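Just so it is clear, the model here is predicted, and its values are computed rather than measured. Whatever order the structure lists them in is the order used to number ligands and atoms, beginning at 1.
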Amino acid sequence: MGDLDPVRLIAVKRDGGQLTPAEIRQLIDAYTDGQVPDYQMSAFLMAVFLRGMDGAETFALAEAMLKSGTIVDLSDVPGVKVDKHSTGGVGDKLSLILAPLVASAGVPVPMISGRGLGHTGGTLDKLESIPGFRTSLTLGEYHEQLRELGVVMIGQTSEIAPADKKLYALRDVTSTVESVPLIAASIMSKKLAEGIDALVLDVKVGKGAFMPDARKARRLAETLVDIGEHFGTRSVALLTEMSDPLGYAVGNWCEMEEAIRCLQGETVPEVTELTLSLGSEMLVLGGVASDLATAREKLQSLLENGTAFDVFSRMVAAQGGDTKVVQNPELMGESAITTEVVASSSQDGFIASIDALAIGQAATRLGAGRMRVDDDVDPLAGITLCRKRGDRVQPGDCLARLHTRSSDLAEPFLISVRDAFATGDTAPAPRQVVIDRLVEGRWNSSVN
Ligand code: URA
């Protein structure tokens, strides 16, 4: 531990002072090696949570976490390697569509994703709902598949940012998750370790987002982009609306099925639009389209002519997944119990909004998500919406279907899911999913 004095560093942060990059690096290294105990790191995290970090401290924290593990070298894979990261939402199946779609346009996509925790779903759980699909490839297999196929989707290995793994678990139990510098350093340490050249960030704001407050979500987007640019990874962020669930499906297999339909060219409300917006940014950063409009057209045709779905099917086969269920989703069967939630006598009119947080929490408890890191998820559990914002509804109409292993699991959520649907006498304004775009340090509200 050398001359490291954790008590002094905690006191400096507690009193609103700044730490040097060397002090931050020493502290993170010593914690990762087990030389600084959890109780001191907990105090440090709380001091950062309450006092914040300036830009130089945040860069130093991200760098120390990044360098705690392997940084994959993908320089032998031709092309500009681009990934997308989302801060997490309800019904957010975008990665499942974007990775193969963008790869089918000629941009290599190496993607390391996470599992669902709390009310938001995780890409790994959705991928693993395909029988046999392996997300636990080694970094060697990850590298090889990217070179062969142009796309690979795996989970965080023990070599990637081990400091983050330890710190995140500690933050989870010390109420220190919702801090902009801690979130930004955590996300970017993992993303920068992937070996990417550019990154598109989907920063969600609204009731179903991790960061419901718009000002904080913007600050998070700015911090994420600043870290990316600081380390030479070109980064663009979209601020996107996450008050209502995205698409109709919230769960694992049901979201995979919706993603498959989207990959086969079907237009799914919000999902297709957001896929095209994020994907266009990836194509421009990847250097295969000169502008966003050209990129969007290209992506649209790759969805419609079957190329994106073909790349997806090849990725499923390469990672051991059952391609028969991907070709014929009905082979997967249904969950044991499906319970319909119907509109009450007062739910008469237009759907004004659907509370994404309530839907996400219910889907989690139905078995689609986990309350603790080591819980198992039920691939067939979840919620499919029968109505979306703007649709007309009358008492007795189906609002949603709950899919579970047993009817006991559905019972407690019949009311909360029903009440998640707010109605009004007039049709609400059309939903604008992309709120703003942050590129080269500037917000630009004239998004397409
Ligand atoms: N996702 C991460 O990877 N880290 C955080 O701190 C929050 C969300």
Just jot down the ligand 1 atoms closer than 4.0 angstrom to any heavy atom of [X], in number order.
X      : answer
Ser186 : 2 (C), 3 (O), 4 (N), 5 (C), 6 (O)
Tyr168 : 4 (N), 5 (C), 6 (O), 7 (C)
Lys190 : 2 (C), 3 (O), 4 (N)

ask   = Can Lys84 and Ser95 be counted as having a side-chain donor-acceptor contact under 3.5 angstrom?
value =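 Note: Lys84 and Ser95 side chains meet the donor-acceptor criterion.
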
Identity and distance of the protein heavy atom lying nearest atom 1 (N) of ligand 1 =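 Result for atom 1 (N) of ligand 1: Ile187 CG1, 3.8 Å.
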
task = Give the residue, atom name and distance (to 0.1 Å) of the protein heavy atom nearest atom 7 (C) of ligand 1.
result =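 The closest heavy atom on the protein side is Phe210 CE2, 3.5 Å.
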
request  = Mark the output for Val177 as yes if a heavy-atom distance to ligand 1 is under 4.0 Å, and as no if none is.
outcome  =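 The answer is no, since Val177 has no heavy atom less than 4.0 Å from ligand 1.
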
Does this structure show an ion pair linking [X] with [Y], if we count only N-O contacts that are shorter than 4.0 Å?
X      : Y      : answer
Lys93  : Glu258 : yes
Asp376 : Arg370 : no
Glu270 : Arg431 : yes

Cation-pi geometry met for Arg218 and Trp443 (6.0 Å, 45°) =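 Yes - Arg218 lies over the ring of Trp443, closer than 6.0 Å to its centre and within 45° of its axis.
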
